[in-house]
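Protein chains get the first letters and strands the later ones, always in sequence-line order, with residue 1 at the start of each. Note: hydrogens, waters and symmetry copies are ignored here, and every other heavy atom, side chains too, is used. Nothing here was measured: the structure is a model prediction, and the numbers come from that model.
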Amino acid sequence: MDYNFTEIEPKWQKYWEENKTFKTIDDFSKSKYYILDMFPYPSGAGLHVGHPEGYTATDILSRYKRMKGFNVLHPMGYDAFGLPAEQYAMQTGTHPATTTQKNCDNFRRQIKAIGLSYDWDREINTTDPRYFKWTQWIFKQLYNTWFDHEQQKGRPISELPVPEEIIAEGKEAINKYISQKRLAYYDNAQVWWCESCKTVCANEEVLTDGAHEKCGNQVIRKNLKQWLLRIPHYSERLLDGLDGLDWPTGIKDMQRNWIGKSTGADVDFEVEGLNEKLRVYTTRPDTLFGATYMVIAPEHKLVNAIVTEDQKEAVEKYQTASALKSDLDRTDLAKEKTGVFTGRYAINPVNNQPIPIWVADYVLMGYGTGAIMAVPAHDTRDFEFAKQFNIPIICILDPKEVEGREEILAGNKCWYEDGVYINSASDETGLKINGLNKAEGIKKTVEWLESKNIGRATTNYKLRDWLFSRQRYWGEPFPVIHWEDGEVTLVEDENLPLELPALEKYTPGESGESPLVNAEEWLIVTDKNGRKGRRETNTMPQWAGSCWYYLRYIDPLNEKGIFDVKKEQYWMPVDLYVGGAEHAVLHLLYSRFWHKVLFDLGIVSTDEPFQKLFNQGMILAFAYEAANGSKVSSDLVEEKGGKYFHAETGGELKQIVAKMSKSLKNVVNPDDVIQKYGADSLRLYEMFMGPLDERKPWAEKGVKGVFNFLARAYRFFADTTNIVEETEDKEIAKLLHQTIQKVEFDIEHLKFNTSISALMIFNNLVIKKGKVSKNTAETFAKILAPFAPHVAEEFWEFYGHKQTLAYENWPNVDKGLLVENTFEYPVSFNGKTRFMKELPLNLQIPEMERAVLADERTAKWLEEKQIRKIIIVPGRIINMVIG
RNA sequence: GCCCGGGUGGCGGAAUUGGUAGACGCGCUGGAUUCAAAAUCCAGUUCUGGCAACAGAGUGCGGGUUCGAUUCCCGCCCCGGGUACCA
């Protein structure tokens with residue numbers, strides 16, 4: 001009986017498809033389980049073996065949960081807007097929709113060949129007008145929502161209270177006021193611009209070295225009219241929500257860092273000879289006594305007022321210079337700090353001392369107030385700056401028993417941890433914190449500031465407004481019209497979706513406009529009064545479609561609404577969401593933001609979308625490196641006796657592990673693996689490689705290993721002569737139930753590698769025994785089914801069943817079979833295991849002691865030694881302390 | 001620099017969370033089968049010494065706690081990811 005996977009697998013894939021085996025019914029009486037994969041961008045290259053890693057894991061869990069009686073929602077779709085299809089259109093004139101369609105068809109074919117149990121009737125595609133109609137609809141909700149900070153909740157814009165004085169100013173002022181509150185707004189924004197892609201990018205899409213994440217080109221700053229979303233309003237909610245989620249701590253930490261909450265105080269400083277106050281934000285108001293200078297950002301609006309006549313030239317020169325610098329230059333840590341004295345002094349409110357005001361670009365306009373008080377003794381950046389410009393450094397926090405304390409007290413070393421205040425009291429102002437520690441100092445100083453009305457406790461966040469438009473064709477059009485009189489209106493719901501016009505040319509406008517400006521007929525609109533308007537030519541970023549797709553799977557064909565309310569209440573939240581960690585902050589933060597807005601508006605029933613998140617690790621591949629460190633393409637590598645050589649130069653190469661890449665020619669295509677070993681082997685190997693969340697290299701030899709397991713299992717379990725109608729052998733029965741238990745536990749904990757190992761161990765035993773009862777064989781087929789569903793269905797049919805086993809009950813563990821009467825104890829002397837001794841588990845400790853002492857092997861280890869102590873842990877170990 | 005992960009045989013990785021380190025798989029060695037090979041089956045395989053029984057060493061490094069540490073604590077080193085003048 002040969003394991004003929006090329007026959008078995010298409011047979012069952014056809015069966016599942018024809019019988020709609022995995023169609024999900026909205027049966028509200030059953031317990032639900034919503035298990036979601038991050039949907040792919042359908043690239044022209046097709047799947048690589050990294051995709052099926054997460055997909056297989058969720059498929060195993062889905063199949064298992066079905067057998068456990070759950071109603072499982074397990075859908076797939078495509079995040080299909082994106083630049084590659086548009087770039088291809090520019091080169092060839094092929095409509096992006098055509099390219100996208102083709103790529104999706106290929107992805108679907110590849111995914112189906114893996115035997116994944118998706119409900120294909122729920123497939124969605126973000127570029128489908130029936131889908132993006134609702135993306136546009138959500139945009140309208142964002143536009144028509146404001147955030148009530150008091151209630152910490154998004155509310156309809158119609159409920160926004162407008163102050164009397166604004167109403168008095170008239171309609172224009174009211175509209176302006178309202179637009180300042182909308183979660184989506186249109187404004188001039190300093191944005192990142194990629195000259196090669198001819199589009200703006202969100203902060204998050206710019207890498208730390210200033211390169212565009214998508215293309216690697218260096219981005220520049222540009223001022224453009226853009227759509228932005230006020231995600232920072234939801235900072236606190238986004239932070240709070242994390243606590244209740246079952247997510248990897250690393251991802252939660254990354255989101256927390258990204259939101260970047262900090263608490264401190266705003267403090268107002270009088271400026272000498274000027275009727276202006278300089279407001280700073282500090283997290284360390286307690287160190288005010290140590291403030292020896294102040295810094296304002298070069299773009300600060302008070303710079304011109306503060307700078308004195310004789311410093312004017314130098315400051316202006318500095319402002320110009322830093323305006324020209326890219327953000328990369330400004331944030332490059334390697335460089336030295338720069339700055340210029342303004343010539344003017346501020347008054348430190350805690351002791352009325354004048355301190356110089358400097359302009360320096362290490363202070364950023366976009367955070368806090370764009371101005372700081374500098375405490376060089378207790379802040380490393382200020383310390384560096386003060387050293388450079390010979391500004392006094394006054395230590396006000398005694399670190400006490402710390403190495404280098406003298407240096408710190410002398411102001412030669414920076415100290416930013418806790419301590420006891422010194423030099424921190426003023427009779428004149430009444431603030432005295434000497435002797436207190438950091439926490440007490442902060443509290444007392446803030447109270448003092450507030451009582452004098454010169455400062456207040458404040459919270460700041462790093463999170464910025466989300467730049468939500470792109471100068472692209474292949475994205476969702478904004479349902480927005482800009483009228484000639486300046487009014488902005490949204491397209492009526494009944495006129496959604498607003499579809500993309502056909503274009504002849506996909507090249508973007510030079511001035512930074514999207515290709516949509518070329519579609520004149522689409523672009524220009526006239527209302528019933530003859531007023532002319534122009535449609536928004538920007539389109540939404542790719543994040544838009546992926547922000548809410550998990551909601552559409554719930555009711556994908558609904559034409560009347562975004563989804564049915566009852567269905568949403570039944571299926572949400574997503575119970576398990578599996579995907580790559582590269583979406584840790586972007587997609588997952590954006591999604592959570594939209595979801596919370598929809599929740600506040602009463603559209604969805606849960607505050608958070610994804611209850612449990614799991615990140616699969618990246619699949620890497622072997623690559624080869626020459627002696628000089630250069631990488632060698634895999635097709636030029638020859639293996640001889642476990643060593644690797646360059647096919648042309650003959651030089652020995654080192655095997656390394658690297659990301660799969662076209663240039664290294666080490667990309668593995670699942671199609672090839674399936675052709676050679678079958679889908680069940682592909683699935684098994686994806687899971688057997690190692691823990692799901694770890695990065696690990698693909699090794700074809702490993703695929704062979706799991707293939708051997710399936711082939712061995714097939715030869716045994718598909719052979720009638722091995723399957724007998726008898727009561728089961730005791731050893732097999734016991735191991736079978738241990739295996740059920742192990743597999744079940746491991747699936748629940750997403751430890752698929754060890755569950756497969758357990759199945760192998762069982763397989764090895766029955767083959768050794770030579771025969772097995774029919775009942776056992778059927779049970780084995782069931783527990784194998786989530787992992788290798790094709791071959792499991794084949795066994796099931798072979799044992800005479802007419803229906804799929806996809807909905808058979810998961811076998812129960814017979815606990816009675818697992819009870820052990822004896823245990824083989826490792827007997828150790830001083831912690832070193834010396835021999836094994838089997839003892840009944842019901843033996844009392846003194847009896848056990850006697851039994852071990854009576855053992856002749858014990859005597860050997862006791863020669864000339866005394867027993868000091870005997871440690872016995874029933875069911876675990878026996879250890880004798882001798883000496 | 002800071003925040004997360006992670007370092008275990010020739011390789012991928014196990015270890016019920018303090019109790020026999022190396023499950024399972026790959027590779028390798030020997031044997032069976034075969035004219036031969038592939039496939040398959042059986043045995044062995046952490047390292048060092050020994051024919052063997054056995055002995056010693058061993059989970060990145062150095063300390064510590066413990067009868068007992070891959071697991072807990074302290075101090076380092078290396079690799080991966082994130083972040084970066086956020087006051």
Next on the checklist: Suppose you measure atom C1' in B:G81 against the same atom in B:C73; what distance do you get, rounded to whole Å?
Outcome noted: 27 Å
Shortest non-hydrogen pair, A:V363 vs A:A297, comes out as O-CB, 3.3 Å
Between CG of A:D379 and P of B:A84 the distance, given in whole Å, is 18 Å
Q. Any chance the side chains of A:E838 and A:Y825 put a donor and an acceptor closer than 3.5 Å?
A. no
Side-chain donor-acceptor pairs under 3.5 Å in residues 759-768 of chain A, sequence neighbours left out?
residue, atom, partner, partner atom, Å
A:N764, OD1, A:R712, NH2, 2.9
A:N764, ND2, A:M760, O, 3.4

**Study point:** Side chain A:T369, main chain A:R279, donor-acceptor under 3.5 Å
**Key:** yes
Going 5' to 3' through nucleotides 15-25 of chain B and flagging B where a protein heavy-atom sits under 4.0 Å of the base, S where only the sugar-phosphate is that close, and - otherwise, we get SB--BB--BBS
Point to revise | Whole-Å P distance, B:U59 and B:G5 | key: 23 Å
When rounded to whole Å, the CG to C1' distance for the pair A:N257 and B:C2 reads 9 Å
From CD1 of A:I251 across to C1' of B:G81 the rounded distance in Å is 9 Å
*asked:* Once you apply a heavy-atom cut-off of 4.0 Å, does A:K696 come out as touching a base, just sugar-phosphate, or nothing?
replied: sugar-phosphate
task: With C1' as the reference atom in both, quote the distance from B:U46 to B:G12 in angstrom, rounded to an integer.
output: 16 Å
What integer number of Å spans the C1' atoms of B:C77 and B:G63? 15 Å
The glycosidic conformation of B:U45, counting syn as within 90° of 0 and anti otherwise, is anti
Task: Separation between the P atoms of B:G1 and B:G49, rounded to whole Å - done: 42 Å
Heavy-atom count check: over 12 atoms from other residues, nucleotides or ligands less than 6.0 Å from A:K252 NZ?
yes
Out of B:G12, B:A87, B:A14, minimum distance to the side chain of A:P697 belongs to B:G12
Atom CE of A:M880 and atom P of B:G68 are separated, to the nearest Å, by 16 Å
Discussion item. When the P atoms of B:G64 and B:U45 are compared, how many Å lie between them, rounded to an integer?
Written reply: 35 Å
Margin query: Under 4.0 Å, heavy atoms only, any strand: does A:R695 hit a base, just the sugar-phosphate, or nothing?
Written below: sugar-phosphate
Closest of B:U40, B:G13, B:A87 to the A:R715 side chain is B:U40
Report, one pair per line, the protein and nucleotides 53-59 of chain B atoms (nitrogen or oxygen only) whose separation is under 3.5 Å.
residue, atom, partner, partner atom, Å
B:G56, OP2, A:R834, NH1, 3.0

Ring centroid separation A:Y714 to A:F5 under 6.0 Å | no
Open item on the list: Using the C1' atom as the point on both nucleotides, what is the distance between B:U65 and B:A84, in whole Å?
Closed with: 38 Å
Whole-Å distance, A:M618 CE to B:G5 C1', equals 14 Å
Secondary structure of RNA chain B per the Watson-Crick/G-U criterion (both distances under 3.5 Å; [ ] crossing, | other strand, . unpaired) is (((((((..(((......[....)))((((((.......))))))((((....))))..(((((..]....))))))))))))....
To the nearest angstrom, the NZ-P distance between A:K676 and B:A39 comes to 12 Å
Given the 90°-from-0 boundary between syn and anti, B:G9 should be labelled syn
For A:E748, the salt bridge (Lys or Arg N to Asp or Glu O under 4.0 Å) test, sequence neighbours excluded, returns A:K65
Sorted by chain and residue number, the salt bridge (Lys or Arg N to Asp or Glu O under 4.0 Å) partners of A:R868 (sequence neighbours excluded) come out as none
Separation between the P atoms of B:G27 and B:C11, rounded to whole Å:
15 Å
Here the distance between atom C1' of B:G13 and atom CE of A:M687, to the nearest Å, is 15 Å
**Report entry** Close aromatic pair by centroid cut-off 6.0 Å: A:F385 and A:Y293
**Finding:** yes
